[in-house]
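Within every chain, numbering begins at 1; the chains are lettered A, B, ... in the order of the sequence lines, protein sequences first and strands thereafter. Values reported hereafter were calculated over all heavy atoms of this structure, with side chains retained and with hydrogens, waters and symmetry mates removed.
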There are 2 protein chains.
Amino acid sequence: MAQHEVKSDLEIAQSAKLKHINEIAQVLGVEVDDLEHYGKYKAKLPLHLIDPEKIKKSKLILVTAITPTPPGEGKTTTSIGLTEGLNRIGKKTTVVLREPSLGPVFGIKGGAAGGGYSQVVPMEDINLHFTGDFSAIEKANNLLAALIDNNIYFQKESLGIDPRTVKWKRVMDMNDRSLRSIITGLGGRPGGNPREAGFNITAASEIMAILCLAESFQDLKTKLGNIYVGDTYDNKPIYCRDLKAQGAMAALLKDAIKPNLVQTLEGNPAIIHGGPFANIAQGTNSVLATKLGLSLSDYVVTEAGFGADLGAEKFLDIKCGYSGLSPSAVVIVATVRALKYHGGQCLKSLTTPNLGALKAGCANLEKHLENIAQFGLPAVVSINRFSSDSDEELDFLKTRCKELGAHVALSEGWALGGEGTTQLARAVVETVENFNGRYTPIYDWNSDIKTKVETVAKKIYGAGSVVFQAKALADIKHIEALGLGHLPICIAKTQKSFSDNEALIGRPSGFELTVREFEIAAGAGFLVPITGAIMRLPGLPAVPAALHIDIDDNGVISGLS
Amino acid sequence: MAQHEVKSDLEIAQSAKLKHINEIAQVLGVEVDDLEHYGKYKAKLPLHLIDPEKIKKSKLILVTAITPTPPGEGKTTTSIGLTEGLNRIGKKTTVVLREPSLGPVFGIKGGAAGGGYSQVVPMEDINLHFTGDFSAIEKANNLLAALIDNNIYFQKESLGIDPRTVKWKRVMDMNDRSLRSIITGLGGRPGGNPREAGFNITAASEIMAILCLAESFQDLKTKLGNIYVGDTYDNKPIYCRDLKAQGAMAALLKDAIKPNLVQTLEGNPAIIHGGPFANIAQGTNSVLATKLGLSLSDYVVTEAGFGADLGAEKFLDIKCGYSGLSPSAVVIVATVRALKYHGGQCLKSLTTPNLGALKAGCANLEKHLENIAQFGLPAVVSINRFSSDSDEELDFLKTRCKELGAHVALSEGWALGGEGTTQLARAVVETVENFNGRYTPIYDWNSDIKTKVETVAKKIYGAGSVVFQAKALADIKHIEALGLGHLPICIAKTQKSFSDNEALIGRPSGFELTVREFEIAAGAGFLVPITGAIMRLPGLPAVPAALHIDIDDNGVISGLS
């Protein structure tokens, strides 16, 4: 119990004695010659290390969570802590995670490399440019944008693209609200053709989603070529391949496609690669990274964004659907304080014991557990313990989980590292060893689009019905005309509720889910039903974190969180 | 003579057998432990290897050129070739160069890593993301942009910046004309405040100029803090430091500030770092890279952008003025065909012998030689030989150079590598060994601004007079009010002529140079008198090079040039 410790994440990370990345590679049985070093503590791994036979034998553990609340639940911290714990009890385990976006680092949220004594390091590098993957994705995305506008500019070479139909936005890994909605091409003839345009944050690029689903360079190029760009004036669809852009884009991604090896604070292997949005994309690290982890160790711990209704559903129905992977256990992260929030306790008093609120809030956890069971997978509830949790509350929660048929364990990875997660690790191992099946998809990709959306909405979210607005119905017609109706769906919905109304916390049911429109991610290979406003380029707060970040004359960074 | 060889630059580069970067470091006496590896063939060098005593003893050779012409002269190729030649004749030499911009790679020009048998490798990496320096500079630049707009957005924290005065543009390393002139901040309240804005290419960022003049992290932060952003509504200047942005910006540059070690085709050391524009900035690699080269070897060959009137003048008056460096010899690259072009021969017939045109065109070379003499430095003319050059033309040119008091040698680095440059290398060594002085600045930084511009215009360009337009006069007043009148000047002028009229090739004289306005690079530490339209964000051509670039399933790139 050390939530009261005064050391910051950065101080803990900077005081760690890191092993040379060659030592981490050695643990995985990787030859030093196979590494592409990025300094002493980071390396890229080559794709030829992927071993399909070993993947079949290794165990994949998916970490997800109850519906997110303002105080946070700690999925990344739990994933890293669990990895330390599994290694401590003798299981050769790698944690495989997403790369953090630079945007939030300078905004409010801070970095995303775990916390306390469950972190991946070097923390500053991982949170800043890391190995340049985000930059490469940004360049590939923006090269396509430049080629689109260039094609519109040169009448002679023109494909006849109607600029008003161009869906492709530029991206930048920066919280910069001023770029969300812009007009480009001003300044007369030399400036191009004026049109409405905008930027998204790099993690929201379809290129990111593609990189995270690609299985090889060839597959990457095919997927890039399939990106749907817009239409001609006579309504013919234009794809990236029509612009002949995919070769140069793939060349820009030649290193970014390779997963990155780093280490946890306790010197265990961590593979960090890719970071797609969890609402408009699949929200998990790359398939290649997961496969590499499974090829090189016996257990892989990975996480999916947001709550299990979004992250785990997309992990299973999209990522596993495409890659053939299947987890052997699902860890649901819960906290006493978050469940009390779901039970109606107000944010300011969450540290005050309140068994009534906890009991009520458990309905949220219960639905997530039911959902994991619908996928045919066994669940372990990891209670991320805080010093404010009363014994009575913890006992109640543990008992309730057991009643619901789930394994349960306390996790104290934040305060204690692997020492605080061996109990959780044992629960996970027991679960994994007792399960020999595979997940069952929640819907059939070959169903019609409306059925697919309704199935997820009703079975996973608990909706009573789904309303498709006029734009959504037109989009479905368009998608079917393009021959893309067979793609899986990636529903964009608030992460704060099972429903599309973020005020409905706990376990709402029987509600109406409204689909406003669809987006087409033909390159990544899914359709995105939009149920609300999606923020794809955050802004900075009034006092951005950037103002407190500094570097001294020895190159030591301070103020990162 | 192998201009007729069929191998492309990329094919030559890809067929080279590269040494591990540790071997290159060993040649320089650098411990492997001091390297930050980026794969097997690239590494960053730590700043602590800079040795002020060794720098004083080593020799710096500046490669510059006659006034550029459409067929190109080959400065980078000569710099690399000369390095091979110097090493062949037993001089421990490092070539220190700028990093290429990604923009032209996808446009017309192709990469910038030398050519033929005088290249730096790995060519694909150097031309694509390299070690991420450009991306880091882009992020630092755009973080400041986001913080400016964010400060305008939040009334409460506001410094009162008048958005109409904001000079700071965003940057992207991409040829994308549509971003030159844009309106940002649309979309109502959440989108910020609409204003006119735009993007430059990353190489044109003042951050790039700053990085290339910074001597340490502390110096970097000071320079970043000094960036002039715009004015408040009540006309008070706002600097980057007022926004408290310099710490986070410097943190983003923590790796970018370190020079990059690669190798030439013949396995000699090459340090490649920074790439500021040669018109609105100093146009040479970083001071830290030059100093590292001089600390680690006996000879450093470096180059400055454009012709000697721009590149060499800025190299000496700005870079050397700030850093204390001084070259021991200046190599002027000339070609028979370019001189014939300056002598009036038309572009299409440059391969036809024409002694008359050559004689006339030599006036251009003569003026550049006079200029180098004004700086008190010895010059060597390097004739970059082409198969179309007649013996008569070559003999005439050699004789003419000698009459003008310059050393002269043929250079065949493109076709033959170091074997083709030993003659040039010997001429350079002889020159260096006979010179013990330092350069003399062409103007005194403490003169008033007009005098500084007039001095360069008359002494170096050959102008008869300088006209300062009304805007320029107002800018001078403003600069003096800001207390920045003591800064050196960095004249933005067409590279195609000594004058500000690109049609005046050869050796124009007595012309009127018109200064339209000034820009303030208070962070980098110079003033930019603008004499014409400067393109800071190129567009793509009708058929961009990007369409021919590809990567195969083994990650091998084709189509780069």
I need the residue from [options] with the largest number of non-hydrogen atom pairs under 4.5 Å to chain B.
options	result
A:P544, A:A248, A:G559	A:A248
A:L252, A:L35, A:I152	A:L252
A:K244, A:M249, A:K44	A:K244
A:A245, A:G132, A:G555	A:G555
A:S135, A:S558, A:G247	A:G247
A:M172, A:E36, A:R170	A:R170

* Minimum heavy-atom separation for B:F217 to A:I551, with atom names? ->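 For B:F217 versus A:I551, the nearest heavy atoms are CE2-CD1, 3.6 Å.
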* If every non-hydrogen atom of A:I549 is compared with every non-hydrogen atom of B:A251, which pair is closest and at what distance? ->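 That closest heavy-atom pairing would be CG2-CB, 3.8 Å.
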What distance do [X] atom [atom1] and [Y] atom [atom2] have between them, rounded to the nearest 0.5 Å?
X	Y	atom1	atom2	answer
B:I182	A:I182	CD1	CD1	4.0 Å
B:S178	A:I183	OG	CD1	13.0 Å
A:N151	B:L540	CG	CG	11.0 Å
A:Y38	B:D255	OH	CG	12.0 Å

Side chain, backbone, both or neither: which part of [X] has a heavy atom under 4.5 Å from chain B?
X	answer
A:Q246	neither
A:F134	neither
A:L102	side chain

Check each atom of [X] against the heavy atoms of chain A and say whether the ones under 4.5 Å are side chain, backbone, both or neither.
X	result
B:D173	both
B:E157	side chain
B:D33	both
B:Y153	side chain
B:I557	side chain
B:Q155	neither
B:F154	side chain
B:L243	backbone

* With a 4.5 Å heavy-atom cut-off, do B:L547 and A:L147 have their side chains touching? ->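 A side-chain contact under 4.5 Å exists here.
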Name every donor-acceptor pair, under 3.5 Å, that has one atom in a side chain of residues 185-198 of chain B and the other anywhere in the protein, sequence neighbours excluded.
unit_1	atom_1	unit_2	atom_2	d
B:R195	NE	B:D149	OD1	2.9
B:R195	NH2	B:D149	OD2	3.3

Counting only N and O atoms by type, is there a donor-acceptor contact under 3.5 Å from the side chain of [X] to the main-chain atoms of [Y]?
X	Y	answer
A:K139	B:L128	no
B:D176	A:L143	no
B:K254	A:V556	no
A:K40	B:H37	no
A:N150	B:P541	yes
B:H129	A:A136	no

For chain A, which of [options] has the most heavy-atom pairs under 4.5 Å?
options	answer
B:K42, B:K156, B:R180	B:R180
B:S181, B:A250, B:A146, B:A43	B:S181
B:E124, B:H48, B:R177, B:E138	B:R177

* Taking only Lys NZ, Arg NE, NH1 and NH2, and the carboxylate oxygens of Asp or Glu, determine whether A:K221 and B:D553 approach each other closer than 4.0 Å. =>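 So A:K221 does not pair with B:D553 through a salt bridge.
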